[in-house]
Amino acid sequence: MAKKKQEGYLSAKESRQISKKNRKITSELEKKRKRKKVPESEYLTKMHDENNAVEFDNLHTYFFTDAGTVKSVDGVSFEVPIGKTVGVVGESGCGKSVTSLSLMQLLQRPQGQVVEGEIRLNIGGKAYDVAKMPYEKLQDLRGNFVSMIFQEPMTALNPVFRIGDQLEEVLQLHHKEMDKERMKARTIELLEMVGIANSEGVYKMYPHELSGGMRQRVVIAMALACNPKVIIADEPTTALDVTIQAQVLDLLRDLKSKINSSIMFITHDLGVIAEMADYVVVMYAGRVVEKGTTEEIFENPAHPYTIGLMASKPVVGKQVEELYSIPGKVPNPINMPDYCYFKDRCEMCVGQCDGAYPEEISLSATHKVSCYRYYKENAQEGGTI
């Protein structure tokens with residue numbers, strides 16, 4: 001009797017077949033992106049709402065691996081309004097960072113590719129679909145219009161260059177008309193703007209000579225060097241202690257108002273989201289399960305996953321023996337189910353949950369959720385339409 005094949009096991013032959021198929025797909029996508037002298041009309045688009053800085057519309061970002069296709073972002077749609085902060089929250093691996101990297105087009109190539117959907121970026125007067133832009137044109141957008149504060153400053157900074165040189169490199173790339181003296185003056189100004197007192201001294205230092213909080217401030221200064229319209233903050237306070245974390249959040253809030261930028265704030269910390277964000281997007285397994293204003297999400301969480309996240313955070317003044325933990329685990333990203341991705345972990349299922357993935361339901365003009373509990377026939381069980 002033949003041995004039963006272990007779940008998830010791939011033979012060498014199957015892996016080669018998958019690799020061959022994936023190489024064909026990625027080479028076609030890469031060929032399209034590497035084209036030279038692409039007419040602007042190919043990636044010129046129109047914002048659905050001129051008050052938005054960025055609009056993600058049915059975004060699909062996949063990673064083509066030897067084990068199969070990982071659908072890291074699987075049909076994500078939300079907006080980042082001008083001058084507002086949008087908090088993107090969810091557990092590790094839900095697609096938060098990949099969504100932001102898709103906007104910056106910093107995905108690990110050639111495996112990581114945007115295969116469907118639009119990312120509309122408002123650059124004032126016109127809009128570009130970043131998902132269709134060739135790589136040679138993206139360099140003008142990064143830094144000038146969109147910039148990113150990376151999660152770990154020690155790996156974001158080059159250990160063999162001084163802080164001043166690294167900041168000046170950004171200015172040199174985007175402002176070629178600047179001479180050495182003006183660049184140094186602007187670099188010192190940026191370091192002072194992010195609250196570094198000894199700016200002249202830090203200018204000459206290497207990254208390893210600074211504390212974690214100081215390095216994080218340098219990375220923020222680097223991101224703000226060209227006054228971008230959209231700032232992506234990818235868990236900028238995760239590695240910092242509570243005091244420095246509060247200082248960095250205050251700093252981001254002040255700088256946002258100074259340069260009137262929009263912030264896409266990625267974190268798993270609900271406390272930070274409550275303090276920083278105007279709108280909240282909750283992601284699970286590559287999809288948006290709920291979105292709304294901060295007040296709507298925190299006062300009236302609708303999706304069972306959001307409710308679970310809220311229940312799992314400690315509350316000041318409330319004593320519990322053990323914090324709530326959402327049961328089960330995230331489904332295999334290579335073999336996602338054809339029903340609601342959260343169903344196998346959900347404690348609030350209704351009869352229809354065995355069906356296809358639920359459509360998005362509007363609970364208010366701004367509050368939307370993907371859950372069968374809010375379909376009309378189940379309204380009495382879970383909520384109102």
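The first residue of the sequence shown is numbered 1, and numbering continues consecutively from there.
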Asks: I need the minimum non-hydrogen distance between Pro228 and Ala223, along with the two atoms involved.
Replies: CG-O, 3.4 Å
Asks: Can you check whether Ala53's main-chain N or O pairs, donor with acceptor, with Ser262's side chain at less than 3.5 Å?
Replies: no
Asks: Looking at every non-hydrogen atom in both residues, tell me the closest pair between Gly355 and Tyr372 and how far apart they are.
Replies: C-OH, 3.9 Å
Asks: Per the salt bridge (charged side-chain N to carboxylate O under 4.0 Å, His left out) rule, what does the pair list look like for residues 116-128, sequence neighbours excluded?
Replies: Glu40-Lys126, Glu55-Arg120, Asp57-Arg120, Glu118-Arg120
Asks: Would you find more than 12 non-hydrogen atoms of other residues, nucleotides or ligands less than 6.0 Å from Lys368 atom NZ?
Replies: yes
Asks: Under the 3.5 angstrom rule, does the side chain of Thr294 hit a backbone N or O of Asp278 as a donor-acceptor pair?
Replies: yes
Asks: So, are Glu168 and Arg186 salt-bridged, with charged N and O less than 4.0 Å apart?
Replies: no
Asks: Can Glu359 and Arg287 be counted as an ion pair, charged N to O under 4.0 angstrom?
Replies: no
Asks: Given 3.5 Å as the limit, does a donor-acceptor pair link the side chain of Ser15 with the main chain of Ser11, or not?
Replies: no
Asks: Restricting to side-chain hydrogen bond (donor to acceptor under 3.5 Å, both in side chains), what partner residues turn up for Ser364, sequence neighbours left out?
Replies: Glu296
Asks: Of all the heavy-atom pairs spanning Val160 and Tyr206, show the shortest one and how long it is.
Replies: O-CE2, 3.5 Å
Asks: Between Asp234 and Ser100, is any side-chain donor less than 3.5 angstrom from a side-chain acceptor?
Replies: no
Asks: Would you say Gln247 has more than 12 foreign heavy atoms packed within less than 6.0 Å of its CD?
Replies: yes
Asks: Which residues satisfy the ring pair (Phe, Tyr, Trp, His ring centres under 6.0 Å) test with Phe78, sequence neighbours excluded?
Replies: Phe56
Asks: Any sub-3.5 Å donor-acceptor pair from Glu192's side-chain atoms to Glu189's backbone N or O?
Replies: no
Asks: Quick check: does any side chain N or O of Gln113 sit under 3.5 Å from a backbone N or O of Leu29, one acting as donor and the other as acceptor?
Replies: no
Asks: Report yes if some heavy atom in the side chain of Thr99 is under 4.5 Å from a heavy atom in the side chain of Thr61; otherwise report no.
Replies: no
Asks: Would you say Cys349 and Lys343 make side-chain contact, with heavy atoms under 4.5 Å?
Replies: yes
Asks: Give a yes or no on whether Glu177 atom CD has more than 12 heavy-atom contacts from other residues, nucleotides or ligands under 6.0 Å away.
Replies: yes
Asks: Would you mind checking if Glu42 and Arg35 are paired as a salt bridge, meaning a charged N to carboxylate O distance below 4.0 Å?
Replies: yes
Asks: Let's go through Asp165 and Arg162 carefully: what are the C-alpha distance in whole Å and the side-chain angles of both, what is the deciding distance for salt bridge (charged side-chain N to carboxylate O under 4.0 Å, His left out) to 0.1 Å, and is it a yes or a no?
Replies: CA-CA 5 Å; Asp165 293 334; Arg162 297 180 192 273; 5.2 Å; no
Asks: Does any N or O in the side chain of Arg373 come within less than 3.5 Å of the main-chain N or O of Pro304, such that one atom is a donor and the other an acceptor?
Replies: no
Asks: Check step by step if side-chain contact (heavy atoms from CB on, under 4.5 Å) holds for His367 and Thr293.
Replies: CA-CA 7 Å; His367 195 182; Thr293 64; over 6 Å; no
Asks: Report, as yes or no, whether the 6.0 Å neighbourhood of atom NZ on Lys313 holds more than 12 heavy atoms from other residues, nucleotides or ligands.
Replies: yes
Asks: Through direct or indirect side-chain contacts below 4.5 angstrom among Ile, Leu, Val, Met, Phe, Trp and Tyr, which residues connect to Leu270?
Replies: Val89, Ile273, Val280, Val282, Tyr284, Val289, Ile297, Phe298, Tyr305, Leu309, Met310, Tyr324, Ile326, Val330, Met336, Tyr341, Phe342, Tyr357
Asks: Would you call Asp66 and Arg16 a salt bridge, using N to O less than 4.0 angstrom?
Replies: no
Asks: For the pair Glu79 (side chain) and Pro81 (backbone), establish whether a donor and an acceptor sit closer than 3.5 Å, ignoring hydrogens and angles.
Replies: no
Asks: Might you point out which heavy atoms bring Ile196 and Met214 nearest each other, and give the distance in Å?
Replies: CG2-CE, 4.0 Å
Asks: Among Lys24, Arg23, Arg109, find the one that has a salt bridge (Lys or Arg N to Asp or Glu O under 4.0 Å) with Glu30.
Replies: Arg109
Asks: Taking only residues two or more places apart in sequence, or in another chain, which ones meet Arg253 in a side-chain hydrogen bond (donor to acceptor under 3.5 Å, both in side chains)?
Replies: Asp250, Glu275
Asks: Would you say Arg33's side chain and Ala131's backbone share a donor-acceptor pair under 3.5 angstrom?
Replies: yes
Asks: Going by side-chain hydrogen bond (donor to acceptor under 3.5 Å, both in side chains), name the residues that satisfy it together with Lys184, two or more places apart in sequence or in a different chain.
Replies: none
Asks: With side-chain contact (heavy atoms from CB on, under 4.5 Å) as the criterion, how do Val170 and Cys226 come out once you've worked through the C-alpha distance, each side chain's angles and the decisive distance to 0.1 Å?
Replies: CA-CA 8 Å; Val170 178; Cys226 301; 4.3 Å; yes
Asks: Does Ile188 form a side-chain contact (heavy atoms from CB on, under 4.5 Å) with Tyr203? I'd like the steps, not just the answer.
Replies: CA-CA 7 Å; Ile188 299 292; Tyr203 177 88; 3.9 Å; yes
Asks: Hey, could you give me the CD1/CD distance between Ile307 and Glu290, rounded to the nearest 0.5 Å?
Replies: 7.5 Å
Asks: Between atom CE of Met133 and atom OG1 of Thr45, what is the distance when rounded to the nearest 0.5 Å?
Replies: 12.0 Å
Asks: Check whether more than 12 heavy atoms from other residues, nucleotides or ligands sit under 6.0 Å from atom NZ of Lys291, and answer yes or no.
Replies: yes
Asks: For Val130 and Leu138, what are the C-alpha separation, side-chain angles and deciding distance, and is it a side-chain contact (heavy atoms from CB on, under 4.5 Å)?
Replies: CA-CA 8 Å; Val130 178; Leu138 286 165; 3.8 Å; yes
Asks: Can you tell me if Tyr135 has over 12 outside heavy atoms packed within less than 6.0 Å of its OH?
Replies: yes
Asks: Distance-only, no hydrogens or angles: does the Ser77 side chain make a donor-acceptor pair with backbone N or O of Asn58 under 3.5 Å?
Replies: yes
Asks: How close do Tyr374 and Ala302 get, counting heavy atoms only, and between which atoms?
Replies: OH-O, 3.0 Å
Asks: His60 side chain to Gly117 main-chain N or O, any donor-acceptor pair under 3.5 Å?
Replies: no
